[in-house]
> 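Have a look at the structure that comes next, please.
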2 protein chains.
Amino acid sequence: MEIIRRKTDYAFRLMLNLSINYGKGAVSARTLSNEEQVSYQLTCKLLQKLHDSGYIKSSMGPKGGYFLIKSPSQISLADIVRVIQSPISLSDCLLGINNCPKKSICSIHKELYKLGNYIDNFLSNLTLNQLINIRNNDSENNANFLINKEFSKNKLN
Amino acid sequence: MEIIRRKTDYAFRLMLNLSINYGKGAVSARTLSNEEQVSYQLTCKLLQKLHDSGYIKSSMGPKGGYFLIKSPSQISLADIVRVIQSPISLSDCLLGINNCPKKSICSIHKELYKLGNYIDNFLSNLTLNQLINIRNNDSENNANFLINKEFSKNKLN
DNA sequence: TTATATAGGACTATACTGGTCTTAATTAAT
DNA sequence: ATTAATTAAGACCAGTATAGTCCTATATAA
C-alpha cells in the first residue's frame, strides 16, 4: 500500500514542472501531460483540483494554460497531498479516544503518534523550491537512484 | 487513508496481549477477542495469519489457545505489519527507476526515500517489549489520551 | 470563425478492505 | 465414548477507494 498515491505523485510532477516555469507564463495541460508522462485526461483533472484549491491559476483559450499563484517556496508536498488524496493518517485510533478501547493499547498509539507527527512535519517542510534546489545541486548525471541505494544501507546509522 | 490499517491495529493489540502473557500459557481467541474488543471471527483470522508466519503457536482443544514463540523483545511492529497488511511503501516510484520517467522527479523521490526509510526504521525498532515497558512506566492512570491530546496541540512547536 | 484551451459532470473497471458464514478437525475433561 | 471447547481454513460479500476515461460545454487568441 502506497502512502503517496499515484495521483499524488503525478501532481508532484506537474507542480514541480510549474515551479520550474514560475514567472515564465502559462503551461498548457497538454504540455504538462507530455513532459511529465501523465495521461492527458488525468492531467486535466489533477490541474483542476489544484486550481480549485488555489495553488494555480488558469487562462483559457489558445496560449492558455496553468501557472503557480504562490511562490514554489510557499508550497509544500503536504499541501499537494492534501489536495489530491485523502489525508494521510497513521492509524484510525489516533483520531480519538473513542476508537481506543483499552489502556493497554495506548503505549502503541503513543509511539505511533510520534511517527505520524514526523511524517506530517517532513512533508510540510519540504517545499517545491527545495526540490528544485536539490535537483540543481545534484549534478547532471542520472545516478540519483544509486545514491538512494547507499542511503538505504546506512539507514539509522 | 490510514498507513496502519485497522486489521493491523487489531493485530498489534492481540500481540501485545500475548506479550503480556508471555510464558504464562495459552490464551484463547475468545479471550483475546473479548479483552481487545476485536470481533471473534476476525480475531481468529488474524491469529491464524500470525500463526502461519511463525510468531505464535497454537494448541487445539479445550484449554487451548495461542502463545508467543519468540520473546516480545524480538518482535517488532514492522514484523506484524508485514504479516497482516500489504507492505507499506511510500510511493510507487520508489520501487525502481522504471517508474520514474524524468530526472526532474528524482529530487522528489530522493527526499521521499529518506522518509520511507525513517518509517521503516521506526517500526522495525519498536518491539512489543518496549511497548510493555512504555505502558508500565506510564503510570496507572487512564489519562494517556489526554497526554496525547496535548501532544497534538503542541506539535511542531 | 476557428482552433486551442480549460471546466466539469458522469461513468467504469478493478482491487482492496473489513468482515461474516460455514464446515471441518483436534483434544481435555467427564 | 461423548461432549464441549477450541483451532483451521475456505468461501463469500458489501462497501469503498482508486485510477482512469468519455463527453459536452465554455472561453478566448488569432
Side-chain angles (χ1 to χ4, degrees), chain A residues 1-14 18 25-34 36-67 69 81 83-89 91-93 99, chain B residues 1-14 18 25-34 36-67 69 81 83-89 91-93 99:
Chain A
M1 195 220 47
E2 285 76 40
I3 297 174
I4 304 296
R5 314 295 309 163
R6 200 183 308 174
K7 278 188 183 180
T8 310
D9 201 272
Y10 292 162
F12 284 171
R13 300 187 205 175
L14 301 176
L18 291 179
V27 185
S28 75
R30 183 69 66 185
T31 302
L32 288 168
S33 161
N34 289 335
E36 302 304 334
Q37 309 199 13
V38 179
S39 99
Y40 173 66
Q41 302 273 9
L42 206 41
T43 299
C44 290
K45 286 297 172 209
L46 294 171
L47 289 170
Q48 273 169 36
K49 275 197 172 184
L50 291 162
H51 175 264
D52 293 347
S53 301
Y55 291 103
I56 61 181
K57 261 195 174 168
S58 66
S59 59
M60 280 178 131
K63 302 246 171 179
Y66 297 88
F67 51 93
I69 298 176
V81 167
V83 172
I84 304 298
Q85 73 181 50
S86 59
I88 297 172
S89 84
S91 129
D92 255 357
C93 286
N99 299 314
Chain B
M1 195 221 43
E2 284 77 41
I3 296 174
I4 304 295
R5 314 294 309 163
R6 200 184 307 173
K7 278 188 183 179
T8 310
D9 201 273
Y10 292 162
F12 285 171
R13 301 187 204 175
L14 301 175
L18 291 180
V27 185
S28 76
R30 182 70 65 185
T31 303
L32 288 168
S33 160
N34 289 334
E36 303 303 335
Q37 308 199 14
V38 179
S39 100
Y40 173 66
Q41 301 273 10
L42 205 41
T43 300
C44 289
K45 286 299 171 207
L46 294 170
L47 289 169
Q48 273 170 35
K49 275 198 172 183
L50 291 162
H51 175 264
D52 292 347
S53 301
Y55 291 103
I56 61 181
K57 261 195 174 166
S58 65
S59 60
M60 281 178 131
K63 304 246 171 179
Y66 298 88
F67 50 94
I69 298 176
V81 167
V83 171
I84 304 298
Q85 72 181 49
S86 59
I88 297 172
S89 84
S91 129
D92 255 357
C93 286
N99 299 314

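Here the structure is a predicted model, which is why all the values come from computation and not from measurement. Chain A is the first sequence line, chain B the second, and so forth, proteins listed ahead of strands; every chain is numbered from 1.
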> Just how far, in rounded Å, is P of D:dA5 from OH of B:Y66?
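From B:Y66 OH to D:dA5 P: 17 Å.
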
> Side chains of A:V38 and A:L32: closer than 4.5 Å at any heavy-atom pair?
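The answer is no, as the side chains (C-beta and beyond) never meet within the 4.5 Å cut-off.
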
> Just jot down the salt bridge (Lys or Arg N to Asp or Glu O under 4.0 Å) partners of A:R5, sequence neighbours excluded, or say none.
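With neighbours one apart ignored, the set is empty.
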
> Determine: side-chain N/O of A:Y40 to OP1/OP2 of C:dT4, distance under 4.0 Å, yes or no.
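No, because none of the side-chain N or O atoms of A:Y40 sits under 4.0 Å from OP1 or OP2 of C:dT4.
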
> Just by distance, do the side chain of B:S53 and the backbone of B:V83 share a donor-acceptor pair under 3.5 Å?
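Looks like no, no N/O pair under 3.5 Å.
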
> Going through the checks in order, is the side chain to side chain donor-acceptor pair (under 3.5 Å) test met by B:T8 and B:Q85?
CA-CA 6 Å; B:T8 310; B:Q85 72 181 49; 2.5 Å; yes

> For nucleotides 22-30 of chain D, give me every protein contact, N/O to N/O, under 3.5 Å, one pair per line with atom names.
none

> Just the rounded figure in Å: distance from P of D:dT7 to NE2 of B:H51.
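Result: 11 Å.
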
> Whether the side chain of A:S91 engages the backbone of B:I4 through a donor-acceptor N/O pair (distance < 3.5 Å, no angle test) should be reported.
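The answer is no, because no donor-acceptor pair under 3.5 Å joins these two groups.
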
> What protein N or O atoms touch nucleotides 13-17 of chain C N or O atoms at under 3.5 angstrom, if any, and at what distances?
from	atom 1	to	atom 2	distance (Å)
C:dT17	O3'	B:R5	NH2	3.1

> Please report the distance, rounded to the nearest Å, between CD1 in A:I56 and C1' in C:dA5.
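It is 14 Å, rounded to the nearest whole Å.
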
> Looking at every non-hydrogen atom in both residues, tell me the closest pair between B:E36 and B:R13 and how far apart they are.
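Scanning both residues, the minimum pair turns out to be O-NH1, 3.1 Å.
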
> Rounded to the nearest Å, what distance is computed from the CD1 atom of residue B:I84 to the C1' atom of nucleotide C:dG19?
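Result: 14 Å.
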
> Expressed as a whole number of angstroms, how long is the span from A:Q48:CD to D:dA19:P?
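A:Q48 atom CD is separated from D:dA19 atom P by 17 Å.
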
> When the distance from CG of A:L14 to C1' of D:dA19 is rounded to whole Å, what number comes out?
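Result: 15 Å.
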
> Would you say D:dA19 has OP1 or OP2 under 4.0 Å from some side-chain N or O of A:S39?
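The answer is no; no side-chain N or O of A:S39 sits under 4.0 Å from OP1 or OP2.
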
> Just how far is it from atom CG of A:L46 to atom CG of A:D9, taken to the nearest 0.5 Å?
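Separation between the atoms: 10.5 Å.
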
> Nearest-Å distance, NZ (A:K49) to C1' (C:dT6)?
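So the two atoms are 17 Å apart, to the nearest Å.
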
> Determine yes or no for a side-chain-to-main-chain donor-acceptor pair under 3.5 angstrom, with B:S33 supplying the side chain and B:A29 the backbone.
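Looks like no, no N/O pair under 3.5 Å.
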
> How many whole angstroms separate atom NZ of A:K57 from atom C1' of C:dA7?
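It is 17 Å, rounded to the nearest whole Å.
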
> Write down the atom of A:Y66, the atom of A:I56, and the distance for their closest heavy-atom approach.
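Closest heavy-atom pair between A:Y66 and A:I56: CD2-CD1, 3.6 Å.
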
> On DNA chain D, does the nearest nucleotide to A:L42 precede the nearest nucleotide to B:V27 from the 5' side, or the other way round? Give the residue.
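First, find each residue's nearest nucleotide; the 5'-ward one identifies B:V27.
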
> Categorize B:Y10 for me: base, sugar-phosphate, or nothing, with a 4.0 angstrom heavy-atom threshold over every strand shown.
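Sugar-phosphate contact only.
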
